[in-house]
Asker: 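Following this message is one structure expressed as structure tokens.
Numbers restart at 1 for each chain; the letters A, B, ... are given by sequence-line order, proteins then strands.
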Amino acid sequence: MNKTQNNKAWFLVLPVLVVVAFSAVLPLMTVVNYALNDTFGNNQFFWVGLEWFEEMVTSSRLHDALGRQILFSAIILAIEVPLGIYIALNMPKSGFWASFCLVLMSLPLLIPFNVVGTIWQIFGRVDIGLLGHTLAALGIDYNYTNDPFDAWMTVIVMDVWHWTSLVALLAYAGLQSIPQAYYQAAKIDQASRWAVFRYIELPKMQGVLLIAILLRFMDSFMIYTEPFVVTGGGPGNATTFLSIDLVKMAIGQFDLGPAAAFSLMYFLVILLVSWVFFTVMTNLDRQEQK
Amino acid sequence: MALELQNVSRLVEGRVHIHLTSLTLQKGTMNVLLGPTLSGKTSLMRLMAGLDAPTTGRILWDGRDVTGMRVQDRKVAMVYQQFINYPGLTVYENIASPLRIMGRDAASIDKAVRDTAEMMRLTPMLQRKPLELSGGQQQRCALARALVKGAGLVLLDEPLANLDYKLREELRIEIPRIFEASGAIFVYATTEPEEALLLGGNTAALHEGRVTQFGPTPQVYRQPADMTTARVFSDPPMNFLPCVKTFAQVALGEATTPASGAFADLPDGSYTAGFRANHLSLQPHSAHALPFRCKLGVTEITGSETFLHLSHGADTWVGLVHGVQNLADGDEVTVWLDPAHVYLFDAAGQLAAPAAYAQSDLKGAA
Amino acid sequence: MAQITLKNLAHSYSPNPSKDADFALKEMDHVWQDGGAYALLGSSGCGKTTLLNIISGLLRPSQGRVLFGDRDVTDAATSERNIAQVFQFPVVYDTMTVRDNLAFPLRNRGMDPKYIADRVQAIAQMIGMEATLNRKAQGLTADAKQKISLGRGMVREDVNAILFDEPLTVIDPHMKWELRTQLKKLHRDFGHTMIYVTHDQTEALTFADKVVVMYDGRVVQMGTPEELFETPQHTFVGYFIGSPGMNLLFAQIDGNTAHVQGQAVALGASYAPLAGRTQIGIRPEYTRLTAGEGLPVSIKRVEDVGRHRLIRAEVLGQPLSIVAPEGQEIGADLTHVAFAPEKINVYADEWRVQGEAAR
């Protein structure tokens with residue numbers, strides 16, 4: 001099946017390859033260039049070898065940002081995946097309400113990232129935001145611009161609001177593919193609700209859930225726009241995640257060398273994790289086909 | 001016109017899907033690929049269609065090498081087990097679709113569609129959508145779409161498997177008729193021996209990726225080349241019994257018969273006797289019939305006939321006898337077998353001597 | 001175990017059924033004896049799956065009651081009815097081993113582990129899967145998966161009934177033989193009530209003691225395989241049972257003679273004058289080609305089915321199938337077809353008419 005009969009298709013792919021070369025490969029090479037040299041402007045470069053990499057690997061600033069990043073991704077995955085599954089399980093299976101839920105669920109996904117950030121930035125403000133004001137009126141001391149905990153809560157709730165739909169929709173698609181006979185058989189076998197989930201629904205959702213986790217991991221690991229708009233990385237460095245830190249370093253402080261080394265390592269980490277996921281997923285597929 | 005497979009084989013990830021195969025399918029013939037699931041029927045069809053490339057060998061169409069040619073450039077039509085139609089188009093548009101792709105003019109399309117629909121008995125449904133039709137009609141629509149192109153090679157991959165029993169019966173009668181009208185090479189894959197017999201033409205018996213025999217259908221049925229073919233081409237499965245030939249007689253278990261006819265020329269030694277279910281009987285139906293004491297497992301009544309599931313020593317047999325027999329399960333019964341219905345296979349499983357009845361029967365048919 | 005009774009049962013998928021055609025299942029009264037092996041036979045859309053789902057409780061009937069023994073279970077959920085069901089496509093729990101699959105219905109009911117282990121072992125032996133007990137169900141062949149489904153249906157000893165919904169659809173012909181015999185054996189050994197839904201007459205007839213033929217939402221006949229074959233009560237049964245089905249010829253009936261286009265055919269019984277469309281029905285198995293006796297026939301096609309020959313012919317402008325034994329020569333001198341008189345059934349407006357024994 002995977003044998004090509006002729007090579008015409010390659011010509012059709014060529015334009016894309018050219019575009020990718022200019023938009024991705026060439027800038028990447030520039031970054032490599034910056035990572036291995038020091039520069040003082042005027043296009044003067046001094047070879048420094050792996051010095052920037054060493055500096056970055058041992059930098060406590062990077063370690064802190066990485067720690068926050070991992071914590072953030074772990075928290076949102078831990079919330080969004082179970083919540084998404086739960087929502088999918090409780091969505092109507094057919095009829096008007098099914099379509100209605102689907103539309104409702106996809107709404108947050110259609111909003112541009114910076115708009116999401118702005119919405120929550122205003123929503124959480126104590127003076128004019130509905131959320132902030134209500135919490136304050138209830139006597140809860142909430143201020144995401146001062147309190148690191150409140151800032152984290154806001155960023156996490158925002159991400160959950162924005163992206164749980166994606167997990168839910170993917171899980172829903174997985175659930176829809178389960179033939180009715182399985183549920184009927186389970187009823188006849190007197191399986192508990194938990195057993196139905198554990199032995200029928202979860203195995204059948206496995207494939208799409210892995211995709212969902214992969215997507216959510218990569219996205220959250222690279223998150224920039226929304227926390228930047230809401231907290232700007234603060235208070236202090238409390239919500240400074242990797243990409244925010246990277247931008248601060250590259251554009252704020254203009255430390256191009258360390259920033260380039262940093263971004264290359266960042267890129268490699270994401271590549272590595274994606275590769276691991278991909279391998280696991282293809283192995284699962286193969287098992288299923290046997 | 002002919003389709004020729006020369007030393008074709010196919011390996012996928014080191015596993016053999018099709019063993020070395022050479023076949024020639026002549027123009028205007030019906031060719032049945034008969035074998036159980038995973039015997040390689042679909043793999044072989046995909047090679048014929050050009051959907052897969054063979055690992056070795058060549059495929060010739062009219063003597064021209066088409067091995068590497070794309071499916072789109074060959075004149076091939078294929079019908080699958082699932083009823084595949086365009087759900088959004090009417091039956092008329094479904095049938096017309098291959099012709100529109102070929103860029104034929106409107107008048108000739110209209111004529112071709114109406115002629116094909118008439119042949120497939122779809123004329124009253126031309127303006128309906130496929131999903132409003134019964135399964136049999138949907139499959140007829142898919143068949144019509146395959147035939148309208150005037151393809152030289154029509155591949156049918158278990159086209160009736162998803163249909164109700166009675167609809168299957170109806171289409172089984174229609175397919176040979178359609179085939180005769182089209183003049184194309186038909187290749188028809190099925191798991192059911194009865195379907196192969198009803199379609200006639202030639203049959204290739206397949207087992208584990210190997211064509212075990214290819215020839216006119218009645219001949220493959222009555223003179224299977226080996227035990228594998230005999231097993232594939234019998235429903236209920238063929239019964240077997242170890243036996244020994246010494247000098248002038250053949251000892252079949254407890255019974256003995258003179259080694260006459262084709263048996264006479266065999267060298268002495270051990271063989272396996274094979275016979276079909278319908279040749280067992282509860283009465284001695286000929287003077288030569290041999291008795292066998294068996295234990296009755298289960299009986300199944302079809303209304304006019306009775307299936308007997310028997311154990312004879314270590315062997316399990318199935319007998320198909322006329323009439324409704326009310327026998328208790330677990331009974332000891334004597335079944336009779338005419339030696340004229342016995343095939344002998346050698347130690348390697350090859351046919352050593354055909355059943356005497358089959359030879360006279362084939363002559364009668366020819 | 002219990003007898004299953006259907007009282008004034010009918011079902012419609014539309015909320016406000018008004019006319020007869022709205023009902024997927026027309027009103028019926030039916031009793032399934034305890035321990036019987038039944039087949040529910042009919043073409044797709046005849047209502048047989050609807051009926052099965054009503055018995056299993058997956059569907060609530062729009063009218064009528066369902067009784068298990070004396071207990072009214074019309075409103076009882078599937079899990080309370082204590083039945084087992086095997087579906088068209090194998091339903092196995094992929095991530096469990098074969099052993100856990102078989103044990104699942106027992107574990108859910110909190111049975112004693114020792115009992116479960118013994119029972120699973122016994123069932124595994126019965127379905128011939130002892131060697132694969134510790135394998136994951138995922139990756140087994142369709143045959144094996146369906147055997148697990150059957151095994152899960154059998155594993156409980158106290159079920160009221162085991163329902164089969166075309167369970168052999170995905171199975172190869174050779175395996176069908178094996179599984180069908182196993183089912184028969186299981187029925188004999190355990191005596192569960194079994195209801196087997198299928199469109200395949202061979203499966204229905206060979207499996208069941210009593211076959212229920214359904215047509216257009218109605219039960220048209222219930223009988224032993226022999227009764228369905230010899231005396232179909234409705235022309236649909238004649239057509240549906242047998243391969244090919246019964247030959248039907250339009251005829252005028254006069255006492256113990258039928259007239260087909262003016263030609264006389266002797267009948268095995270005598271009939272009172274009949275109103276409506278009258279037909280005679282004769283099985284292809286009870287016809288034979290002759291050199292002069294009977295009705296003139298023209299042969300269109302001869303099909304070799306192996307164990308017999310199938311002759312497609314035309315008699316006085318009406319199609320006719322004839323079954324001839326394997327090896328019989330069909331010479332040019334065979335120009336007529338004769339019917340066995342006692343095997344001819346007479347139909348008026350599609351329903352069978354009982355004749356009086358001819359003196």
Side-chain angles (χ1 to χ4, degrees), chain B residues 36-39 134-135 161-169 172-173 176-177 191-194 196-200 217-218 221-222 231-237 276-279 297-307 309 316 318 320 322-324 326 329-330 357-358 360-361 364-365, chain C residues 41-45 141-143 169-178 180-185 187-188 198-209 211 224-230 239-245 283 285-286 301 303-308 310 312 323 326-329:
Chain B
T37 319
L38 299 178
S39 61
S134 74
N162 282 3
L163 288 175
D164 262 18
Y165 192 84
K166 275 282 151 176
L167 282 171
R168 216 182 287 174
E169 219 173 82
R172 265 182 200 159
I173 302 167
R177 191 178 57 82
T191 57
E192 292 183 33
E194 195 184 333
L197 284 164
L198 277 171
L199 292 168
T217 305
Y221 178 77
R222 297 221 160 74
R231 206 174 281 133
V232 167
F233 211 155
S234 300
D235 184 39
R276 290 202 166 90
N278 53 306
H279 291 136
V298 172
T299 56
E300 296 177 307
I301 294 163
T302 69
S304 58
E305 291 167 320
T306 307
F307 286 110
H309 293 261
T316 53
V318 180
L320 175 57
H322 282 289
V324 172
N326 286 311
D329 298 348
Y357 94 99
S360 60
D361 210 55
Chain C
L41 177 66
S43 43
S44 18
T141 61
D143 298 345
T169 307
V170 293
I171 310 293
D172 259 9
H174 280 72
M175 278 307 292
K176 274 186 189 168
W177 281 94
E178 198 181 300
R180 227 166 54 204
T181 354
Q182 251 161 20
L183 274 185
K184 270 226 117 153
K185 222 177 258 163
H187 178 254
R188 198 184 56 199
T198 178
H199 63 82
D200 185 322
Q201 48 156 322
T202 315
E203 279 178 30
L205 296 170
T206 51
F207 170 79
D209 307 330
V211 179
T224 63
E226 195 179 358
E227 285 163 1
L228 295 180
F229 189 81
E230 299 288 346
Y239 152 81
F240 206 78
I241 306 278
S243 182
R283 292 273 175 203
E285 288 82 355
Y286 298 133
R301 250 184 96 87
E303 288 162 3
D304 184 344
V305 197
R307 61 197 173 88
H308 54 235
L310 214 55
R312 311 280 180 188
V323 168
E326 182 179 18
Q328 186 198 325
E329 295 246 2

Asker: So, do Thr224(C) and Val211(C) sit near enough that their side-chain heavy atoms are less than 4.5 Å apart?
Answerer: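 No; the side chains remain at least 4.5 Å from each other.
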Asker: With respect to chain B, which residue among Arg301(C), His308(C), Arg188(C) yields the maximal number of heavy-atom pairs within a distance under 4.5 Å?
Answerer: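 Most heavy-atom pairs within the cutoff with chain B belong to Arg188(C).
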Asker: Select one option (side chain, backbone, both, neither) describing which atoms of Arg283(C) are under 4.5 Å from chain B's heavy atoms.
Answerer: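 Arg283(C) has no heavy atom closer than 4.5 Å to chain B.
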Asker: As an exercise: rank Pro36(B), Gly200(B), Pro176(B), Pro236(B) by heavy-atom pairs under 4.5 Å with chain C and give me the winner.
Answerer: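 So the answer, after comparing Pro36(B), Gly200(B), Pro176(B), Pro236(B), is Pro236(B).
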Asker: Between Lys184(C) (side chain) and Gly297(B) (backbone), is there a donor-acceptor pair under 3.5 Å?
Answerer: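 Pair absent, no side-chain N/O of Lys184(C) close to backbone of Gly297(B).
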Asker: Find out whether Phe233(B) and Leu197(B) are in side-chain contact, i.e. whether some heavy atom of one side chain is under 4.5 Å from a heavy atom of the other.
Answerer: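 Phe233(B) vs Leu197(B): side chains touch.
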Asker: Quick one: do Lys166(B) and Glu169(B) make a salt bridge, cutoff under 4.0 Å?
Answerer: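 Answer for the salt bridge query: yes.
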Asker: Under a 4.5 Å heavy-atom cutoff, which of Glu285(C), Gln201(C), Arg312(C), Glu230(C) has the most pairs with chain B?
Answerer: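 Among the listed options, the one with the most contacts to chain B is Gln201(C).
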Asker: Is the shortest side-chain heavy-atom distance between Tyr357(B) and His279(B) below 4.5 Å?
Answerer: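 Result yes, sub-4.5 Å side-chain heavy-atom pair found.
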Asker: Decide salt bridge (Lys or Arg N to Asp or Glu O under 4.0 Å) for Arg276(B) and Glu326(C); before the verdict, give the C-alpha distance in whole Å, the side-chain angles of both, and the deciding distance to 0.1 Å.
Answerer: CA-CA 13 Å; Arg276(B) 290 202 166 90; Glu326(C) 182 179 18; over 6 Å; no
Asker: Name the region of Glu303(C), side chain, backbone, both or neither, that has any atom closer than 4.5 Å to a heavy atom of chain B.
Answerer: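 Only the side chain of Glu303(C) comes within 4.5 Å of chain B.
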Asker: Just give me the residue among Leu205(C), Thr206(C), Asp143(C) that pairs up with chain B most often, heavy atom to heavy atom, under 4.5 Å.
Answerer: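 When all of Leu205(C), Thr206(C), Asp143(C) are compared, Thr206(C) has the most.
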Asker: Would you check, one step at a time, whether the test salt bridge (Lys or Arg N to Asp or Glu O under 4.0 Å) holds for Arg222(B) with Asp304(C)?
Answerer: CA-CA 11 Å; Arg222(B) 297 221 160 74; Asp304(C) 184 344; 2.8 Å; yes
Asker: Would you mind telling me which of Ile173(B), Thr37(B), Leu199(B) has the largest number of heavy-atom pairs within less than 4.5 Å of chain C?
Answerer: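 Counting heavy-atom pairs under 4.5 Å, the top option is Thr37(B).
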Asker: Side chain, backbone, both or neither: which part of Asp329(B) has an atom under 4.5 Å from a heavy atom of chain C?
Answerer: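 Both backbone and side chain.
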Asker: Please state whether the side chain, the backbone, both or neither of Ser243(C) comes within less than 4.5 Å of a heavy atom of chain B.
Answerer: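 Both backbone and side chain of Ser243(C) come within 4.5 Å of chain B.
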Asker: Let's go through Glu305(B) and Arg307(C) carefully: what are the C-alpha distance in whole Å and the side-chain angles of both, what is the deciding distance for salt bridge (Lys or Arg N to Asp or Glu O under 4.0 Å) to 0.1 Å, and is it a yes or a no?
Answerer: CA-CA 13 Å; Glu305(B) 291 167 320; Arg307(C) 61 197 173 88; 3.0 Å; yes
Asker: Is it the backbone or the side chain of Thr299(B) that comes under 4.5 Å from a heavy atom of chain C, or both, or neither?
Answerer: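 The answer is the backbone of Thr299(B).
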Asker: Which one of Leu320(B), Val318(B), Thr217(B) has the most heavy-atom pairs closer than 4.5 Å to chain C?
Answerer: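 The residue among Leu320(B), Val318(B), Thr217(B) with the greatest pair count is Leu320(B).
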